[in-house]
J.: 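The structure under discussion is supplied below as structure tokens; questions concerning it will follow.
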Amino acid sequence: MDDFTVTPYTVEGDVDYDRLLDQFGADRLTDEQLQNFPHPTHRLLRRRVFYAGRDVDRFTAAAARGETVSVVTGRGPSGPMHLGHVYPFYFAKYLQDELGAYVYIPLSDDEKYFSKDLTFDEIHEYTRQNVRDILAVGFDPERTRLVVDTADADVVYPVAAELAKELTPAAVEATYGTPPNVGLGFYPAVQATHLLLPQLVHGRHPTLVPIAVDQDPHVRVCRDIAAKQRHDVEKPAALLSRFLPRLGGGGGKMSTSDDAPGILLSDDRETVREKVQRHAYSGGRDDVDAHREHGGDPTVDVAYQLLAYFFEESDETLDRLAADYRSGELLSGELKAYAADRIADFLEGHQRRRPEGPIADVVEPYRLTEAERARVRPDVFGGESDRE
RNA sequence: GGGGAUGUAGUCCAAUGGUACGACACCUGCCUCCAGAGCAGGUAAUGGCUGUUCGAAUCAGUCCGUCCCCA
């Protein structure tokens, strides 16, 4: 009946988040686990946008003891970034601010080349744009590293090669389906490299991977490899989120490649207002009289959902909006206007922080240093074992 | 390397030499507080080149892409 598909390459239909956990074998976040995160607890946790995980406790326990922890959350640079892409990065910043976590951000340009009909020139243009948007989040350059697969291949490839030997085609096929080309068949090894990289650079420690549930297979594959590798690493922990609702409603995720237009990080206030007003599915009634009498349904109202997921910081305001909407006092158009303004407020801040200037200068403080690379990369010609 | 199949709009697909069909998606209008639903309208395609023909999506040649079998 409620047919849906969730894989790293496809999200379709009305997603049943509970059934997904059964399918994937992840655990729903308990109230207690929630309390183990730094206070005040981030609203993405409080409101159960991040609603499940694997091995979260080891991460929070280590963090509570003040030990080294890291966060990995990435980006596939196949287009401009929209609202649905950005909240994991703001969550990562919260963990960095509160825990001093290292934040590693892999950009999988190779994977997008393998899976999309795009040239590397196009992908790299998006990569540069996306980097500016990611850095607009405000990460600490001392503790944040952007890793671009093809640009940092000196580090990524040797590790991926080691891990790839542990990965059978059958395992890849079982997890992702038959790869359409050998590049994608190899890519899970690269993905696993991303998740282990903080430990390879900084030594064994717990890593948390906050991502949308469709990316969970990557974590599972990596955990399998980490378990059998002689690398001294812990299995990365996962923190899994629901999808930010699409403007059109339904259960899928916001997308730029899809039909429903998403709200881009570059949209100005007028554009946001127009997109929300014209496209957001509402929980309102058919006309004003019916709405005043019976009230609206915030649980299906996309404007309300966007506020609840991320864009309204105040729990009190959120509760009041829901109550007023249900009572019929608040009309759909009014709720949309409010939501659009909160989103536009957020975007204005984001756009103001977006770094200008030559991209090489902008990204430099966030690239792996030579010393960090040397810790990971084998030194083929630097050794002395070539004696006759 | 050999053999076979296939290529039509964003997607799926029809048309055996004669106006390129339809669906979904998208856009516009009506209706709605808004969106959706509903109704009315609209945009959009024959992989490239050459040839045969009055006329080619259709036949031939060639190139390109994709898939399958064999090596």
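Below, all heavy atoms of this structure are taken into account, side chains as well, without hydrogens, waters or symmetry copies.
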J.: I'd like the C1' distance from rG29(B) over to rC68(B), given in whole Å.
T.: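 That atom pair is separated by 49 Å.
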J.: What nitrogen or oxygen pairs link the protein and nucleotides 30-32 of chain B at under 3.5 Å?
T.:
residue, atom, partner, partner atom, Å
rU32(B), O2', Asp286(A), O, 2.2

J.: Looking at Phe139(A) versus Tyr366(A), is the centre-to-centre ring distance below 6.0 Å?
T.: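 Here the rings of Tyr366(A) and Phe139(A) have centres that are no less than 6.0 Å from each other.
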J.: Less than 6.0 angstrom separating the ring centers of Tyr102(A) and His202(A), yes or no?
T.: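 Yes, ring centres under 6.0 Å apart.
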J.: Tell me: CG of Leu306(A) to P of rC34(B), nearest whole Å?
T.: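 Between P of rC34(B) and CG of Leu306(A): 20 Å.
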J.: When you get a sec, tell me which of rC33(B), rC27(B), rA35(B) is the closest nucleotide to the side chain of Ser282(A)?
T.: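 Comparing rC33(B), rC27(B), rA35(B) against the side chain of Ser282(A), the answer is rA35(B).
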J.: I'd like the C1' distance from rU46(B) over to rU8(B), given in whole Å.
T.: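 About 4 Å, rounded to a whole number of Å.
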J.: Can you tell me how far CZ of Arg132(A) sits from CG of Leu135(A), rounded to the nearest 0.5 angstrom?
T.: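 Between atom CG of Leu135(A) and atom CZ of Arg132(A) there are 9.0 Å.
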J.: When the distance from CG of Asp117(A) to C1' of rU66(B) is rounded to whole Å, what number comes out?
T.: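 So the two atoms are 12 Å apart, to the nearest Å.
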J.: When you compare rC70(B) with rG55(B), how far apart are their C1' atoms, in angstrom units rounded to a whole number?
T.: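 It comes out at 42 Å once rounded to the nearest Å.
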J.: Provide the distance between the two C1' atoms, one in rA37(B) and one in rA5(B), to the nearest whole Å.
T.: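 Roughly 44 Å separates the two C1' atoms.
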J.: Quantified in whole Å, what is the C1' atom distance between nucleotide rU58(B) and nucleotide rA20(B)?
T.: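 It works out to 11 Å between them.
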J.: Could you tell me the separation between the CG atom of Asp341(A) and the P atom of rC34(B), rounded to a whole number of Å?
T.: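 My rounded result for the distance is 18 Å.
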J.: Determine the interatomic distance between P on rU6(B) and the same-named atom on rC13(B); round to the nearest Å.
T.: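 One P to the other, the span is 14 Å.
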J.: For His279(A) and rA35(B), give me the distance from atom NE2 to atom C1', rounded to whole Å.
T.: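 The distance from NE2 of His279(A) to C1' of rA35(B) comes to 10 Å, rounded to the nearest Å.
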J.: For Arg273(A) and rC33(B), what is the distance between atoms CZ and P respectively, to the nearest whole Å?
T.: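 Distance, rounded to whole Å: 21 Å.
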J.: What stems show up for RNA chain B when you take Watson-Crick pairs (N1-N3 plus N6-O4 or O6-N4) and G-U wobbles (N1-O2, O6-N3), both under 3.5 Å, and require three or more consecutive pairs?
T.: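 RNA chain B stems, ordered by first number: B:1-7 with B:64-70, B:10-12 with B:22-24, B:26-30 with B:38-42, B:47-51 with B:59-63.
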J.: Rounding to a whole Å, what distance do you find between Gln305(A):CD and rC34(B):P?
T.: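 Distance, rounded to whole Å: 22 Å.
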J.: Rounded to the nearest angstrom, tell me the gap between atom CG in Leu335(A) and atom P in rA35(B).
T.: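 One finds 14 Å between P of rA35(B) and CG of Leu335(A), rounded.
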J.: Nearest 0.5 Å, what's the CZ-CG distance between Arg269(A) and Asp345(A)?
T.: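 Going from the CZ atom of Arg269(A) to the CG atom of Asp345(A) covers 4.5 Å.
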J.: State yes or no: are the ring centers of Tyr90(A) and Phe346(A) separated by less than 6.0 Å?
T.: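 Yes, close enough.
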J.: Nearest to the side chain of Tyr281(A), which nucleotide is it out of rC34(B), rC33(B), rA35(B)?
T.: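 Looking only at side-chain atoms, Tyr281(A) lies closest to rA35(B).
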J.: Which pair of heavy atoms, one from Asp154(A) and one from Arg377(A), lies closest together, and at what distance?
T.: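 Reported closest heavy-atom pair: OD2-NH1, 2.7 Å.
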J.: If the P atom of rG17(B) is compared with that of rC26(B), how far apart are they to the nearest Å?
T.: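 Straight-line distance between the two P atoms is 37 Å.
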J.: Under a 3.5 Å distance rule, please check whether Arg43(A) uses its side chain to pair with a backbone N or O of Ala308(A) as donor and acceptor.
T.: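 Here the side-chain-to-backbone pair does not exist.
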J.: Figure out the NZ/C1' separation between Lys275(A) and rG36(B), and round it to whole Å.
T.: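 Rounded to the whole Å, the gap is 19 Å.
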J.: Give a yes or no on whether the backbone of Tyr104(A) and the side-chain of Arg145(A) come within a donor-acceptor separation of less than 3.5 Å.
T.: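 No, Arg145(A) side chain to Tyr104(A) backbone: no donor-acceptor pair under 3.5 Å.
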J.: In whole Å, what separates the C1' atom of rA15(B) from that of rG38(B)?
T.: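 Going atom to atom, C1' in each nucleotide, I get 32 Å.
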J.: Ignoring backbone atoms, establish whether Arg278(A) has a side-chain N or O less than 4.0 Å from OP1 or OP2 of rC33(B).
T.: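 Checking Arg278(A) against rC33(B): no side-chain N or O falls below 4.0 Å of OP1 or OP2.
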J.: Tell me which one of Tyr94(A), Tyr309(A), Tyr87(A) satisfies ring-ring contact (aromatic ring centres under 6.0 Å, His included) with His42(A).
T.: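 Result for ring-ring contact (aromatic ring centres under 6.0 Å, His included) with His42(A): Tyr94(A).
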J.: When you measure from the centre of the six-membered ring of Tyr338(A), is the NZ or CZ of Arg342(A) closer than 6.0 Å and no more than 45° off the axis?
T.: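 Yes.
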